[in-house]
Amino acid sequence: MSDPTAPTSRPYPAWLEDAVFYEIYPQTFYDANGDGIGDLPGISAKLDYLQSLGVDALWLNPCFVSPFEDAGYDVSDYYQVAPRYGTNADLEALFAEARGRGIRVFLDLVPGHTSWQHPWFKASARHERNEYSDWFIWTDRVWAPAEGMRAITGLSERDGGFIINFFACQPALNYGFANPEPGHPWQQPVDAPGPRAVRQAMKDVMRFWLDRGAAGFRVDMAGSLVKQDPGRRETARLWREMRAWLDAEYPDAVLIAEWGKPSESLPAGFHMDFLLHFAQAGYTSLFRKGGDDGQWDGRYGWSFFDRSGHGNIREFLDEYLRDYATAQGRGLICIPSGNHDMGQRLAEGREIADLLCAWVFLLTMPGVPFIYYGDEIGMRTVHGLPSKEGGYQRTGARTPMQWDNALPNAGFSTAAADALYLPIHPDAARPTVADQINDRGSLLNRVRSLIALRKAHPALAASAEFRPLYAEAGKLPFVYERRTHDGSERILVALNPSAAAVTADVPGEPGPLAETLYGADAAITAHDRGWQVHLPAVSAAIYRVA
Ligand code: NOJ
Ligand code: CA
């Protein structure tokens, strides 16, 4: 059997093996022109910082022309940078400047829906038939039921309701139906002219930005394009067509799915897929607790990374191991520290020691880690904010990056405080880059060292093996091994997020411990059946086994 990670058969570009991604919410990263909102020249201005952190790729949330009723996930022109962020030339400059530092820039492709202000949709909403009539999904009468989908009626000259994907402002583009219902001609098959034209339109958008230097796309709601598609079979077929086209014309381009189901998305042609808070209860069980922001509602009980020690690693691991098994040889799983949709930041309710435990985990797991901007300095959620641009309970995790408390607005912008896109976190002691960058023991520098560690060790590469060694329901520590496929390097990771010291006999293929890569020297000792692990309260350790 061939080694699935051998370069010839690796189903993704080799640079992803030690890649770390960084998600930037463009609204609130850095405001270069002082108008209160982040912008593309602002991102370019912070490339030194991003390079020093050691990240390889940036994912920018949508930065295209939009009425911003869902923060830009409601695109009204896929070919034009929103003026508030700058120009197409600024985006091209960012691609080039980032690339000059070895950083690739990924755009957010929103293929499932446009804004209701998009000219395609406006044309589609007209009474007379025209080129765009079948680009969106319209029922044939305003009074007709939408068959389990959500339709908006009464806003158009056209008789019928339009199907939406998310908010009312986001009409679904028409990729057709896997199983159109007989007697409902408005449910078109996937190869009808409208759905074919929409597919082509999205390819054109991808081509446009790839030609200008984008490295690839994070694809919004990638699994929901074809409607009434059990098992997502037709949606998968669509993406395989896209991937075949990319492989032929843009072999370096990388597609990242917002799908949350690697067993579907990776065979569908995506190079990578995320674990997501709404898709994997196991992922949510790691960091997000039942809380006060209305989003989590206590549904998931205790998080694993919690001092109480009440978390249960099996909630994560049983689910993850299934995803991990199906990803083998197909693609990579991305574990995010957070994102713009998770209303709680990683640092919510955690001190630096807790965060370090979480970062050791995030940066030593297989696949590709994603850092949500600000998580590397321990930025916290701002509570009680009114919704901004459709953010609702997500808004508090979208506030401005905290660069420097010696400057107005924490160095994010020179605008008046009340002109900012969102307020700066109100705590005067909020963490900042400036405070941490020269402090060797700071969270920022520990995260930076862990990124460097990941890159320095082939056993921590995206596709290197992962074996849980001690992962007992409701017990601690959690211990796992990473190793290269040929066994040339082995690394043990041990985590104890709880406030009590823990000791465990960990079975494993023993070997002398060669080096402490992180944590206390004495925490692991080898014996003939494995290791004894002793971890102090709220601590983590990484060892290399010779
Ligand atoms: C997922 C995006 O991450 C989210 O921010 C957006 O609101 C929805 N998709 C709709 O596009
Ligand atoms: Ca600006």
Side-chain angles (χ1 to χ4, degrees), residues 23-46 59-64 66-76 78 81-87 90-91 94 106-116 118 121 150 163-173 202 217-225 256-261 265 273-279 295 334 336 338-343 370 372-373 387-398 400-401 403 408-409 411-416 419-422:
E23 179 189 348
I24 291 181
Y25 194 67
Q27 286 89 322
T28 49
F29 192 61
Y30 181 58
D31 172 20
N33 66 355
D35 65 354
I37 186 161
D39 44 51
L40 296 171
I43 299 172
S44 290
K46 296 296 184 183
W59 153 31
L60 312 186
N61 295 107
C63 52
F64 310 107
S66 164
F68 294 103
E69 291 169 288
D70 184 19
Y73 283 94
D74 49 331
V75 177
S76 55
Y78 289 92
V81 164
R84 72 188 202 178
Y85 297 135
T87 62
D90 291 330
L91 183 52
L94 173 61
F106 284 71
L107 297 177
D108 208 318
L109 182 73
V110 189
H113 45 267
T114 67
S115 159
W116 55 11
H118 196 296
F121 180 71
R150 289 184 300 154
I163 303 298
I164 58 165
N165 275 345
F166 199 68
F167 292 146
C169 63
Q170 290 159 313
L173 280 157
M202 272 315 135
F217 304 94
R218 175 270 189 185
V219 181
D220 188 67
M221 293 178 70
S224 63
L225 298 192
I256 313 160
E258 188 213 21
W259 193 310
K261 208 161 184 197
S265 57
D273 188 8
F274 292 103
L275 300 188
L276 291 166
H277 58 302
F278 56 81
Q295 191 172 12
C334 306
N339 73 26
H340 64 289
D341 292 330
M342 301 182 201
F370 272 62
Y372 183 49
Y373 81 97
S387 178
K388 178 78 173 180
E389 296 187 345
Y392 298 96
Q393 82 287 348
R394 305 175 291 184
T395 305
R398 297 177 170 184
M401 179 70 177
W403 295 103
N409 303 318
F412 160 66
S413 170
T414 55
L420 301 185
Y421 176 84
L422 280 171

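First listed ligand is number 1; within each ligand, the first listed atom is number 1.
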Per-atom contacts, ligand 1 versus H113 - under 4.0 Å to a heavy atom: 10 (C), 11 (O)
Close-contact set for ligand 1 against H340 heavy atoms, below 4.0 Å: 2 (C), 3 (O), 4 (C), 5 (O)
Angle subtended at the Ca ion (ligand 2) by OD2 of D39 and OD1 of D35, nearest 10°: 170°
Side-chain donor-acceptor contact under 3.5 Å, S413 with Y421: no
Presence of N, O or S from Y85 under 3.0 Å of the Ca ion (ligand 2): no
Heavy-atom nearest neighbour in the protein, as seen from atom 11 (O) of ligand 1, with distance rounded to 0.1 Å: D220 OD2, 2.7 Å
Residue and atom name of the nearest protein heavy atom (relative to atom 6 (C) of ligand 1), distance in Å to one decimal: D70 OD2, 3.3 Å
From CA spacing to verdict: side chain to side chain contact (heavy atoms under 4.5 Å, CB included), I164, W116: CA-CA 10 Å; I164 58 165; W116 55 11; over 6 Å; no
Main-chain N/O of K261 paired with D273 side-chain donor or acceptor, under 3.5 Å: yes
Distance-minimising heavy-atom pair for I256 and F370: CD1-CZ, 4.1 Å
Ring centers of W59, Y372 separated by less than 6.0 Å: no
Protein contact to atom 5 (O) of ligand 1 [nearest heavy atom, distance to 0.1 Å]: D341 OD1, 2.7 Å
Which of the ligand 1 atoms, numbered from 1, are nearer than 4.0 Å to a heavy atom of M221: 9 (N), 10 (C)
Parallel, tilted or perpendicular: rings of F167 and Y392 (30°, 60°): perpendicular
Where the Ca ion (ligand 2) is the vertex, angle from D31 OD1 to I37 O to 10°: 80°
Derivation and outcome, side chain to side chain contact (heavy atoms under 4.5 Å, CB included), residues L173 and M202: CA-CA 10 Å; L173 280 157; M202 272 315 135; 3.8 Å; yes
contact_flag R218 ligand 1 heavy-atom lt 4.0 Å: yes
Atoms in ligand 1 with a heavy atom of R394 nearer than 4.0 Å: 4 (C), 5 (O), 6 (C), 7 (O)
Main-chain N/O of G72 paired to D70 side chain as donor or acceptor, under 3.5 Å: no
